[in-house]
There are 4 protein chains.
Amino acid sequence: MARQASAPALQLDVESFRLILAERLPFAETMGINVDYFADDHVRLRAVYNDRFLRPGGTIAGPVMMGLADAALYALVLSRIGAVELAVTTSLSINFLRKPMPADLVADARMLKLGKRLAVGEVTLFSEELGADDPVAHVTGTYSIPPPESRL
Amino acid sequence: MARQASAPALQLDVESFRLILAERLPFAETMGINVDYFADDHVRLRAVYNDRFLRPGGTIAGPVMMGLADAALYALVLSRIGAVELAVTTSLSINFLRKPMPADLVADARMLKLGKRLAVGEVTLFSEELGADDPVAHVTGTYSIPPPESRL
Amino acid sequence: MARQASAPALQLDVESFRLILAERLPFAETMGINVDYFADDHVRLRAVYNDRFLRPGGTIAGPVMMGLADAALYALVLSRIGAVELAVTTSLSINFLRKPMPADLVADARMLKLGKRLAVGEVTLFSEELGADDPVAHVTGTYSIPPPESRL
Amino acid sequence: MARQASAPALQLDVESFRLILAERLPFAETMGINVDYFADDHVRLRAVYNDRFLRPGGTIAGPVMMGLADAALYALVLSRIGAVELAVTTSLSINFLRKPMPADLVADARMLKLGKRLAVGEVTLFSEELGADDPVAHVTGTYSIPPPESRL
């Protein structure tokens with residue numbers, strides 16, 4: 001029986017994504033990024049806290065939040081289209097909402113639209129200390145999906 | 001004689017900003033960020049190339065570009081308001097334009113509007129290999145300027 | 001007893017907001033904007049379909065969606081801070097997700113962060129024809145809240 | 001002889017674009033949009049002032065600025081790819097910089113990147129009263145260019 005449009009299947013297993021993170025995205029290791037949850041409709045990544053994240057004021061620097069959000073969108077896109085490593089961000093917008101104290105950062109990503117050429121997703125970032133009800137940042141981002149013939 | 005609105009003065013010298021980068025923003029050191037040029041109307045920062053910047057496809061990862069752009073906006077704001085370290089990004093939008101090959105990244109920041117509470121700036125990112133006529137990304141960002149009484 | 005942070009109260013009734021729309025925002029009338037729902041944690045506005053919304057391809061033009069989303073954020077902010085008409089948008093980002101066919105457009109707005117100086121909200125736009133599960137656009141926007149002494 | 005990448009030619013004449021505005025984009029007429037300048041590397045549109053643009057505070061409403069900027073990007077894209085009316089905005093970000101008093105609004109658009117599938121442009125909006133040195137808003141936007149086989 002045909003799979004329904006409303007039930008997309010996971011196109012990549014979590015272990016394969018962890019391998020991509022570990023071997024192909026060195027900045028993800030620099031940022032201590034781990035995978036907490038990996039499904040076709042929801043991905044959760046975590047940046048394990050490190051003193052190198054800090055900025056003046058004793059809070060976590062914006063680039064850490066942006067890097068984690070971008071990785072979460074990448075994970076979400078690959079969970080839906082498979083190991084198309086050449087998918088690239090075309091745009092990203094972030095609103096910083098609250099200052100994250102020194103603690104792990106968590107990123108929840110969900111898809112807004114998966115098209116043939118573009119995927120648009122949304123990421124909510126929260127601090128393990130503040131909890132999910134008080135997000136520290138909100139991100140939307142667009143990935144360009146390379147056409148099949150250019151994926152090698 | 002009163003300073004004219006059209007002639008803002010530099011409120012921070014480059015050595016003071018380098019000290020903030022070195023001692024207060026550890027991620028900037030992780031990203032190899034240097035100051036090329038530092039004036040009140042134009043700041044140029046550089047991320048010295050490192051293999052850890054790479055992503056699949058052999059190009060530089062988005063988070064490196066976002067981190068460099070954010071640091072350039074921070075530098076630009078401080079060049080105009082002085083060492084107000086607690087100025088924080090409230091939003092940032094980036095459009096990725098071209099894929100940067102392995103080479104230094106350069107960020108040129110200029111102010112669009114400096115208000116009492118918000119500063120809005122624009123950053124053009126280019127790769128030393130492609131040159132300034134073919135920018136690799138374009139960024140706009142907003143910084144919140146803390147009121148004087150809370151800057152202690 | 002102090003009101004709890006988790007229980008914001010509605011600071012403006014829907015009739016007062018309708019009056020602001022009708023008398024103070026003429027473009028809202030041009031766009032056929034109505035209020036469907038108005039609470040402190042959720043506002044829903046509607047743009048009643050008009051052939052003047054169309055663009056090539058027979059779908060609704062982007063500016064109609066942006067105008068409706070901006071009005072929905074304004075409504076949401078006023079529902080929380082009262083009739084502070086001088087609250088102004090400082091930034092807005094929209095991702096267009098699907099093409100809306102000729103039908104009413106609906107905008108659901110919810111608050112991401114209400115601070116003293118800035119409010120950040122999120123709007124999901126959908127077409128009455130496609131339904132809320134297939135949004136046509138996603139918007140985030142920031143409003144600047146004027147300090148009490150400048151509200152007259 | 002092949003045209004050089006650095007010398008794009010105008011792919012649409014201004015009269016053809018004026019016809020598209022007049023016959024295919026009714027909201028542009030509602031907003032009083034005219035073409036001031038139309039070349040392959042720079043387009044300038046104008047929204048002729050109308051009292052219906054006003055919002056509380058006696059300044060011009062955000063949706064007027066967003067609509068004008070979107071039209072300017074559309075004009076710029078068509079100036080470069082020809083009368084591909086089905087080109088659609090995929091994302092747009094605006095930063096509001098200054099409050100425009102009652103006067104004509106002018107939008108200057110220039111291309112940041114014209115690719116095969118996406119075009120990214122930048123728009124500076126200014127008020128005829130304040131002049132181009134004090135822009136009232138800054139916009140970036142992305143248009144999706146339909147593949148040739150779907151342009152009929």
Side-chain angles (χ1 to χ4, degrees), chain A residues 20-21 23-31 33 47 50-74 78 83-100 136-144 146 150-152, chain B residues 20-21 23-33 47 50-74 78 83-100 136-144 146 150-151:
Chain A
I20 292 173
L21 267 191
E23 301 193 347
R24 306 278 280 157
L25 284 170
F27 82 85
E29 190 194 46
T30 302
M31 290 177 54
I33 295 181
N50 183 308
D51 282 347
R52 295 190 70 76
F53 291 178
L54 291 179
R55 54 150 283 151
T59 60
I60 294 181
V64 177
M65 293 188 257
M66 294 189 279
L68 177 63
D70 189 47
L73 286 170
Y74 188 61
L78 267 51
V84 183
E85 294 185 0
L86 294 182
V88 290
T89 322
T90 58
S91 65
L92 186 145
S93 288
I94 184 165
N95 282 287
F96 296 94
L97 305 171
R98 291 170 185 85
K99 295 176 185 171
V136 295
H138 180 273
V139 175
T140 53
T142 302
Y143 266 74
S144 175
S150 69
R151 292 182 192 174
L152 300 187
Chain B
I20 291 173
L21 267 190
E23 301 193 348
R24 306 278 280 157
L25 284 169
F27 82 86
E29 189 194 46
T30 303
M31 290 177 54
I33 294 180
N50 183 308
D51 282 347
R52 296 190 70 75
F53 290 178
L54 291 178
R55 55 148 286 151
T59 58
I60 294 181
V64 177
M65 294 188 257
M66 294 190 278
L68 177 63
D70 189 46
L73 286 170
Y74 188 61
L78 267 51
V84 183
E85 294 184 359
L86 293 182
V88 290
T89 322
T90 58
S91 66
L92 187 146
S93 288
I94 184 165
N95 281 288
F96 296 94
L97 304 172
R98 293 171 185 85
K99 295 177 185 172
V136 296
H138 180 273
V139 174
T140 53
T142 303
Y143 266 75
S144 175
S150 70
R151 290 182 190 175

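Reminder, nothing fancy here: chain letters follow the sequence lines and each chain counts from 1.
Of the two parts of A:Val64, neither the backbone nor the side chain holds a non-hydrogen atom closer than 4.5 Å to a non-hydrogen atom of chain B. Only the backbone of A:Ala87 comes within less than 4.5 Å of a heavy atom in chain B; its side chain stays farther off. Looking at B:Asp51, only its backbone comes within 4.5 Å of chain A, counting heavy atoms on both sides.
A salt bridge is defined here as a Lys NZ or Arg NE, NH1 or NH2 lying under 4.0 Å from an Asp or Glu carboxylate O, and A:Arg55 with B:Glu85 fails to meet this definition.
Atom CE of A:Met65 is separated from atom OG1 of B:Thr89 by 8.0 Å, given to the nearest 0.5 angstrom. One finds the CZ atom of B:Phe96 at 8.5 Å from the OG1 atom of A:Thr90 (value rounded to the nearest 0.5 Å).
Per-residue counts of heavy-atom pairs under 4.5 Å with chain A were compared for B:Glu23, B:Lys99, B:Arg24; the largest is that of B:Arg24. Taking A:Asn50, A:Ile94, A:Leu54, A:Asn95 one by one and counting their heavy-atom pairs under 4.5 Å with chain B, the maximum is reached by A:Ile94. Counting heavy-atom pairs under 4.5 Å between each of B:Ser144, B:Ala69, B:Ser93 and chain A puts B:Ser93 at the top.
In terms of heavy-atom proximity, A:Leu25 sits nearest to B:Pro56 at CD2-CD, 3.8 Å. Looking at every heavy atom in both residues, B:Gly57 comes nearest to A:Leu86 through CA-CD2, 3.5 Å.
Judged by distance alone, with hydrogens and angles left aside, the side-chain atoms of B:Arg52 form no donor-acceptor pair with the main-chain N or O of A:Phe27 at under 3.5 Å.
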